[in-house]
Trainee: 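Below is a structure I'd like to ask you about.
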Protein chains: 2
Amino acid sequence: MNRDILIRYFSSILPIPAERAAFFADQFVPMEFLKNDFLLKENKISKATFVLEAGYIRSYTFDNNGVEVTTNIFSAPCFVNDFLSFFKQKPTSENYQCLTPCKIWTMSYENVQNCFHNYPEFRELGRMMLVTNYSILHERMLGMIKDSAENRYLKLLSKHPEIFQNIPLKIIASYLGITDTSLSRIRKEIAVN
Amino acid sequence: MNRDILIRYFSSILPIPAERAAFFADQFVPMEFLKNDFLLKENKISKATFVLEAGYIRSYTFDNNGVEVTTNIFSAPCFVNDFLSFFKQKPTSENYQCLTPCKIWTMSYENVQNCFHNYPEFRELGRMMLVTNYSILHERMLGMIKDSAENRYLKLLSKHPEIFQNIPLKIIASYLGITDTSLSRIRKEIAVN
DNA sequence: GATTCTACTTGCCATTTGACAAGAAATTAA
DNA sequence: TTAATTTCTTGTCAAATGGCAAGTAGAATC
């Protein structure tokens, strides 16, 4: 695993001295996960925060008919966090599962709290991470209101083409809020034109 | 305006000593807004955070065809914040407008930063506010994927019935991601049964 | 009180999306 | 390699939602 990726990722979120970024990176423990491994299961409390160095993860839950719904797709490098469960130490309602083998850096809740307490820059990093994720979710929400399914597909395709090379379409369809059938038709329609 | 509402609201987000909650409340300046007044306009940078004591506010933007889209509805008491604009001091893409006369407590960006720096509990309050708002948005997102328009309507109706007494249906429809025509039909259908 | 404006409803028809089922293609397991 | 499983596509039909326009009701303005 590559610690430099972690350091660069921190610096991209918030400009901080390289030395400090390296110190923060040292707080994380590297782990390797296999495909289908779970980082967190529903009804459990998130005890750690994760940074995905390589691989793909999704979170999912179930709709009223018991059908799996993909709530999020994580493409490296990024934080993987159930904010509600982690920061309020409450059980989550979602499952976080590796879609591919993953390289993941983890940091315990206690250590995060400790660094929040002692390092203003770490607090700032945490806040920026929250704000950034909020605004990504906000954009996705706007897309659900403003855009057609086809446009949502095209936006995701242009922003994260790598996802389509690595994740089954039916999971992407669910994430886009449509059925795999519809996504298949949308792709067909676009291919024709 | 009623400072106690502010204090109680803070305490509901995070258990803190009453004295400290009162001190935080003192950092906020009371203001009265008229119907249709703007708290923040698109392309401007949010210079203050707001707590809505009484009244209704919405945020809106425009879709690709120039049609207004309501992105959020704020029902007192609650924080009213453009997180991205406020915390990153970047221009917002949305308009925040009063739908009724409003009683609003404001606190400047500088003062917020100062309190973040000096008061751990204030930081914690800010983080909880962010986390809470993230999870509300997350739930709304899930609803857009999992629920039919009718179910989204019913959920909003049961959770915030007061909104339907105070805000035009066409704005609520837009917030739910449907047209006012569709909402009208959904309501009719429900009324029949 | 009359006028204007806005919100809401409704009818008609088109489009999008879903449900279900069958089959093809690709991947995984034996 | 073969078999089993999963993913993806496609057909048919139904349901949900939208676009547009007309008409009604209610609120705001003069």
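In what follows, every chain begins at residue 1, and chains take the letters A, B, ... in the order their sequences are listed.
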Trainee: Do B/K44 and B/S85 have side-chain N/O donor and acceptor atoms under 3.5 Å apart?
Mentor: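 Judged by distance alone, the side chains do not pair up.
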Trainee: B/L169 or A/N65: which one's nearest nucleotide on DNA chain C is closer to the 5' end?
Mentor: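 Closest to the 5' end, via its nearest nucleotide, is B/L169.
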Trainee: At a heavy-atom distance below 4.0 Å, which nucleotide of DNA chain C is the first touched by chain B, and which is the last?
Mentor: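 Range of nucleotides within reach of chain B: C/dA7 to C/dC12.
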Trainee: Take A/R58 and A/E68 through the test salt bridge (charged side-chain N to carboxylate O under 4.0 Å, His left out) and record every step on the way to the result.
Mentor: CA-CA 12 Å; A/R58 72 158 175 154; A/E68 270 186 18; 2.8 Å; yes
Trainee: Are the ring centres of B/F38 and B/Y96 closer than 6.0 Å?
Mentor: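 No; B/Y96 has its ring centre 6.0 Å or more from that of B/F38.
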Trainee: Minimum heavy-atom separation for B/V131 to A/F83, with atom names?
Mentor: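 It is CG1-O, 3.9 Å.
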Trainee: Measure the distance from CZ on A/F164 to C1' on D/dC8 and round it to the nearest whole Å.
Mentor: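 Atom CZ in A/F164 sits about 14 Å away from atom C1' in D/dC8.
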Trainee: Scan A/K35 against the nucleic acid and name what it touches under 4.0 Å (heavy atoms): base, sugar-phosphate only, or nothing.
Mentor: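 Touches sugar-phosphate only.
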Trainee: Search all heavy atoms of B/Y60 against all heavy atoms of B/T71 and return the closest pair with its distance.
Mentor: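 So the minimum-distance heavy-atom pair works out to N-OG1, 3.7 Å.
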Trainee: Does B/F24 have its ring centroid less than 6.0 Å away from the ring centroid of B/Y9?
Mentor: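 No - the distance between ring centres of B/F24 and B/Y9 does not fall below the 6.0 Å cut-off.
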Trainee: Under 6.0 Å between ring centres: does that hold for B/Y109 and B/F86?
Mentor: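 That pair passes the under 6.0 Å test.
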Trainee: Quick one: A/R187 CZ to D/dT7 C1', roughly how many Å, whole number?
Mentor: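 Going from A/R187 (CZ) to D/dT7 (C1'), I get 12 Å.
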Trainee: Show me the protein contacts with nucleotides 12-17 of chain D, counting only N or O atoms at under 3.5 Å.
Mentor:
unit_1, atom_1, unit_2, atom_2, d
D/dT12, O4, A/R185, NH2, 2.9
D/dT17, OP1, B/A149, N, 3.1

Trainee: Starting at atom CD1 of A/I172, determine the distance to atom P of D/dC8, rounded to an integer number of angstrom.
Mentor: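 So the CD1-P distance, A/I172 to D/dC8, works out to 8 Å.
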Trainee: Centres of the B/Y153 and B/Y175 rings: under 6.0 Å?
Mentor: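 Not under 6.0 Å, so no.
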Trainee: Check the distance between D/dG18's C1' and B/D63's CG and give it to me in whole angstrom.
Mentor: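 Nearest whole value for this atom pair: 13 Å.
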